[in-house]
Amino acid sequence: MEPMKLIVSIVERGKGTHMQRLYRSRQVFLQFQCTGKGTATSEILNILGLDSTEKDVVLSWTAAAAADCLLRDLDTQLRGSTGTSGIVFDLTLGALSSLAANLAAYQTESLKKTNGGKSDMEQKSENSLILVVCRRGCTDEVMSTAKAHGARGGTVIRGRLSGIEELEEAYDLNLKAEREIVAIVVPKELRGPIMEAVNAAHGLRSEAQAVLCSLPIEHIVHLG
């Protein structure tokens with residue numbers, strides 16, 4: 001079966017639905033939307049002419065061919081016409097539930113036929129996605145550390161930690177369940193220094209109680 005990808009789109013609040021309609025027209029049908037918040041300061045917002053840091057985060061699962069074609073179109077013929085600023089990037093999946101994978105592969109067949117089976121998206125991104133899961137209210141400190149080591153910004157998504165009893169017992173910790181996920185896209189050469197600095201300053205035994213991981217980004221497109 002063809003490899004599957006996850007497309008992550010971080011756009012202005014209220015634009016997520018528009019992006020989903022656009023993606024469906026490009027044979028990308030499996031979508032999930034949640035809300036997030038950017039980490040830009042008010043000074044940066046003023047410089048960029050933006051009113052708010054509120055974001056829509058759209059997660060889309062599809063076959064690799066459809067993902068490659070979508071990002072290629074966003075970077076060429078659709079550039080400047082999406083009506084929003086933001087970023088779109090894709091991540092290669094190790095596995096996807098069979099029904100979803102079969103549906104995505106089936107829907108991609110027509111795209112492959114019309115495109116001759118070529119994605120024209122050969123250049124790989126030199127970026128990584130860092131995910132920092134920390135206590136709610138600690139994201140400013142986490143981002144301050146990340147920016148001090150080269151990060152330019154991030155997106156915060158609220159969540160809740162599960163399975164904390166095992167972690168507490170294993171490491172003699174008192175963990176808070178309410179969490180925020182900080183998603184930071186950085187050049188891959190900065191990934192190591194940023195993760196080491198954030199872990200040292202905001203790891204599990206600190207006030208932020210952060211857990212970190214990173215994923216390689218295949219391609220990235222800047223919107224707006």
Side-chain angles (χ1 to χ4, degrees), residues 6-14 16 32-48 50-59 85-89 91 93-94 125-217 220 222:
L6 171 65
I7 302 172
V8 181
S9 308
I10 303 174
V11 297
E12 298 171 24
R13 180 64 57 83
F32 174 77
Q33 181 172 320
C34 56
T35 59
K37 188 170 184 177
T39 60
T41 64
S42 57
E43 292 80 3
I44 294 296
L45 291 176
N46 291 334
I47 292 172
L48 297 177
L50 301 175
D51 296 326
S52 173
T53 61
E54 299 298 314
K55 302 292 182 183
D56 282 344
V57 181
V58 181
L59 305 178
S85 61
I87 60 172
V88 180
F89 56 89
L91 307 165
L93 298 177
S125 169
E126 295 296 318
N127 295 279
S128 293
L129 172 67
I130 297 174
L131 298 176
V132 184
V133 182
C134 63
R135 284 183 60 184
R136 191 167 294 179
C138 294
T139 54
D140 288 345
E141 292 84 357
V142 168
M143 276 309 307
S144 179
T145 300
K147 287 180 178 179
H149 290 79
R152 299 182 62 184
T155 301
V156 180
I157 304 169
R158 286 196 169 184
R160 185 176 177 84
L161 184 66
S162 63
I164 60 175
E165 295 84 2
E166 290 80 3
L167 278 172
E168 289 178 326
E169 182 178 349
Y171 296 105
D172 191 25
L173 298 169
N174 181 19
L175 300 176
K176 301 296 183 183
E178 298 303 315
R179 296 275 142 173
E180 288 178 319
I181 304 169
V182 187
I184 311 170
V185 175
V186 299
K188 66 179 183 181
E189 64 268 18
L190 296 179
R191 177 190 60 206
I194 289 173
M195 292 186 71
E196 290 175 8
V198 170
N199 188 55
H202 311 289
L204 266 179
R205 297 192 182 280
S206 73
E207 180 184 0
Q209 299 179 342
V211 177
L212 299 83
C213 69
S214 71
L215 299 165
I217 291 174
I220 186 168
H222 295 270

Can you name the residues that form a side chain to side chain donor-acceptor pair (under 3.5 Å) with Arg135, not counting sequence neighbours?
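For Arg135 there are no side chain to side chain donor-acceptor pair (under 3.5 Å) partners, ignoring immediate neighbours.
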Using the side chain to side chain donor-acceptor pair (under 3.5 Å) criterion, which residues pair with Ser206? Sequence neighbours excluded.
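Scan of Ser206 (side chain to side chain donor-acceptor pair (under 3.5 Å), adjacent residues dropped) gives none.
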For [X] versus [Y], what's the shortest heavy-atom pair and its separation?
X: Gly14; Y: Asp56; answer: N-OD2, 2.8 Å
X: Gly153; Y: Ile184; answer: O-CG2, 3.5 Å
X: Gly150; Y: Ile194; answer: C-CD1, 4.3 Å
X: Met195; Y: Ser214; answer: SD-CB, 3.7 Å
X: Leu91; Y: Pro216; answer: CD2-O, 3.3 Å
X: Gly36; Y: Ile157; answer: CA-CG1, 4.4 Å

Can you name the residues that form a side chain to side chain contact (heavy atoms under 4.5 Å, CB included) with [X], not counting sequence neighbours?
X: Val185; result: Ile87, Phe89, Asn127, Leu129, Ile217, Ile220
X: Glu196; result: none
X: Ala148; result: none
X: Glu180; result: Arg136, Thr139, Val156, Arg158

Roughly how far apart are [X] [atom1] and [Y] [atom2], rounded to 0.5 Å?
X: Leu190; Y: His149; atom1: CG; atom2: NE2; answer: 10.5 Å
X: Cys134; Y: Arg179; atom1: SG; atom2: CZ; answer: 7.5 Å
X: Glu54; Y: Lys37; atom1: CD; atom2: NZ; answer: 5.5 Å

Under 4.5 Å between any side-chain heavy atoms of Leu59 and Ile7, yes or no?
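A side-chain contact is absent here, since even the closest heavy-atom pair is not under 4.5 Å.
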Please output the side-chain donor-acceptor pairs of residues 164-175 that fall under 3.5 Å, not counting sequence neighbours, one pair per line with the distance.
{"from": "Glu168", "atom 1": "OE2", "to": "Leu175", "atom 2": "N", "distance (Å)": "2.9"}

For the backbone of Gly154 and the side chain of Thr39, can you confirm whether one donor and one acceptor N or O come within less than 3.5 Å of each other?
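Yes: the side chain of Thr39 pairs with the backbone of Gly154.
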Sorted by first residue and then second, give each side chain to side chain donor-acceptor pair (under 3.5 Å) pair with at least one member in residues 186-195; sequence neighbours left out.
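Sorted pair list: Glu126-Lys188, Ser128-Arg191.
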Quick one: list whatever passes salt bridge (charged side-chain N to carboxylate O under 4.0 Å, His left out) with Lys176, sequence neighbours left out.
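None.
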Residues in salt bridge (charged side-chain N to carboxylate O under 4.0 Å, His left out) with Arg160, at least two apart?
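Checked Arg160 against salt bridge (charged side-chain N to carboxylate O under 4.0 Å, His left out); matches are Glu178.
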Glu12 and Ser85: side-chain donor and acceptor closer than 3.5 Å?
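Side-chain D/A pair, Glu12 to Ser85: present.
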